[in-house]
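Just so it is clear, the model here is predicted, and its values are computed rather than measured.
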Amino acid sequence: MQTAETMNPPASKIGRLGELFLQKGLLTPEQIDQIAQLQKEKKLRFGDAALALGYLSQTQLDQALGEQFGYSTKDLINGSADKSLKFFYFPFSKEAEEIRRLRSELLLKFSGQEKIKITLVSPARRDGKSYMAASLAIALSQVGKRTLLIDADLRSGKLHEYFSLGKPDGLSSVLAGRIKASDALIQLMPNLHFLPAGPQPPNPLEILRAPRMRELLDSCSDQFDAFVVDTHTATLASDAQMVAHQTGSVLLVARKDHTYVDELRQAKADMQAAGVEVLGTIFNQYEPAGAVRFAPFSWLMRLLSRLFRRKS
């Protein structure tokens, strides 16, 4: 006679990963039993056995592994993450691994400094800069760095769309003195806060002028360990140069088959002229036709310009 225990095996017998799929309704107890049988016969891991039986897809397995090992969370504290944020939803993808490598390089670079302050700059639109800023901020927060992601693109900032936050107040109002920074910060994850761009002002460059951004970062210094700042397209206005001057460090973002080399060189020269340290260039590969948004990467290919190395 079947008992409740044999019909619904306890989590300790199913295993943590099997229990996770059971709770999500993606596997039945019977399917888990079949997976366990194949595991025993073929000496496979749970995920490999589930894939072999056709009960799970690689995407479902990656998402579950991310939750199990703490690379992602099911929900944001406020808003919801856009499906294009692969680092959030697919923590074991090649792209996510490359972002973690970049994170490691940054942690080494700033190991002797009290705070991490990075401005992301791209010479043209649709280079993937905002997507990279969001991904990098999430990555830093996941290793315990209290991170503030700032949308300093006061002309066309859209970082809030990656987190389904509507059109919240933000940086423009803070720098104009209309609200306090604490009233504009939005918590996304336990170690990640977001400061949106806010309403578009008629004079963005004037609002961003020194030392306003620097003073804002200093006022948040006790609350955060890392600051990741997104900016307006460098070739269209001087906003990026103004912001980068106040953070001190820049990562340039270029897109394969899209960014012109001369524009990238000009952006680098402009940053250096402003006294900003250019850490290197992130070279990304645009996802081919069929992508819903323009920003996602299929993966980060490599770091160029001898990233973080001293110049001879």
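Distance alone, capped at 3.5 Å, places no donor-acceptor pair between the Ser135 side chain and the Met132 backbone. In terms of modelled atom types and a separation under 3.5 Å, the side chain of Gln266 and the main chain of Thr235 share no donor-acceptor contact. Here the side chain of Asp153 pairs a donor or acceptor atom with the backbone of Ser156 at under 3.5 angstrom. A donor-acceptor pair is defined here as one N or O able to donate and one able to accept, closer than 3.5 Å; no such pair exists between the side chain of Arg125 and the backbone of Thr233. The closest donor-acceptor contact from the side chain of Asp169 to the backbone of Gly198 lies at 3.5 Å or more, if one exists at all. Side-chain atoms of Asp127 do not come within 3.5 Å of backbone N or O of Ser122 as any donor-acceptor pair. Of the possible donor and acceptor atoms, one in the side chain of Asn284 sits under 3.5 Å from a partner among the backbone N and O of Ala254. Judged purely by atom type and a 3.5 angstrom limit, Gln31 uses its side chain to pair as donor or acceptor with the backbone of Thr28. Remark: side-chain polar atoms of Ser238 are not paired, donor with acceptor, to backbone N or O of Gln241 under 3.5 angstrom. When atom types are taken as modelled, the side chain of Tyr162 and the backbone of Ser130 share no donor-acceptor pair closer than 3.5 angstrom.
Under the rule for a side chain to side chain donor-acceptor pair (under 3.5 Å), the partners of Ser164 that lie at least two apart in sequence or sit in another chain are Ser80. Residues passing the salt bridge (charged side-chain N to carboxylate O under 4.0 Å, His left out) test with Lys145: none are found, sequence neighbours excluded. With sequence neighbours left out, the side-chain contact (heavy atoms from CB on, under 4.5 Å) criterion links Lys167 to His160. For Glu41, the side chain to side chain donor-acceptor pair (under 3.5 Å) test picks out Gln37, with sequence neighbours left out. Taking Asn78 as the reference, nothing meets the side chain to side chain donor-acceptor pair (under 3.5 Å) condition, with sequence neighbours excluded. Residues satisfying the ring pair (Phe, Tyr, Trp, His ring centres under 6.0 Å) criterion with His245, sequence neighbours excluded, are absent altogether. Checked against side-chain contact (heavy atoms from CB on, under 4.5 Å), Thr119 has the following partners two or more places apart in sequence or in another chain: Val121, Val229, Thr231, Val243, Ala244, Thr247, Val250. Evaluation of the side-chain contact (heavy atoms from CB on, under 4.5 Å) rule for Ser221 yields Lys115 as partners, not counting sequence neighbours.
One finds a salt bridge joining Lys117 and Asp218 here, because a Lys/Arg side-chain nitrogen approaches an Asp/Glu carboxylate oxygen to under 4.0 Å. Between Glu97 and Lys94 no salt bridge is recorded (no basic side-chain N to carboxylate O distance below 4.0 Å).
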_Does Tyr131 form a side chain to side chain contact (heavy atoms under 4.5 Å, CB included) with Leu85? I'd like the steps, not just the answer._
CA-CA 7 Å; Tyr131 177 84; Leu85 286 173; 3.9 Å; yes
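Screening residues 226-252 for salt bridge (Lys or Arg N to Asp or Glu O under 4.0 Å), with sequence neighbours left out, gives Lys129-Asp230, Arg155-Asp239. Applying the ring pair (Phe, Tyr, Trp, His ring centres under 6.0 Å) test to every pair with at least one member in residues 193-216, sequence neighbours left out, gives these pairs: Phe163-Phe194, His193-Phe224. Listed by first then second residue, pairs satisfying salt bridge (Lys or Arg N to Asp or Glu O under 4.0 Å) with a partner in residues 203-217 read Glu206-Arg209, not counting sequence neighbours.
The two residues Glu263 and Pro123 come nearest to each other via the heavy atoms O-CB, 3.6 Å.
Contact of the Leu136 side chain with the Leu106 side chain is registered, since non-hydrogen atoms from C-beta on lie closer than 4.5 Å. Within the 4.5 Å cutoff, the side chain of Ile116 has heavy atoms near those of the Leu107 side chain.
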Enumerate, atom names and distances included, each donor-acceptor pair closer than 3.5 Å involving a side-chain atom of residues 178-189, sequence neighbours excluded.
{"unit_1": "Arg178", "atom_1": "NH2", "unit_2": "Ser173", "atom_2": "OG", "d": "3.2"}
{"unit_1": "Gln187", "atom_1": "NE2", "unit_2": "Met189", "atom_2": "O", "d": "3.3"}
{"unit_1": "Gln187", "atom_1": "NE2", "unit_2": "Pro190", "atom_2": "O", "d": "3.4"}

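Here Arg265 contributes atom CZ and Leu252 contributes atom CG; the two are 13.0 Å apart, rounded to the nearest 0.5 Å.
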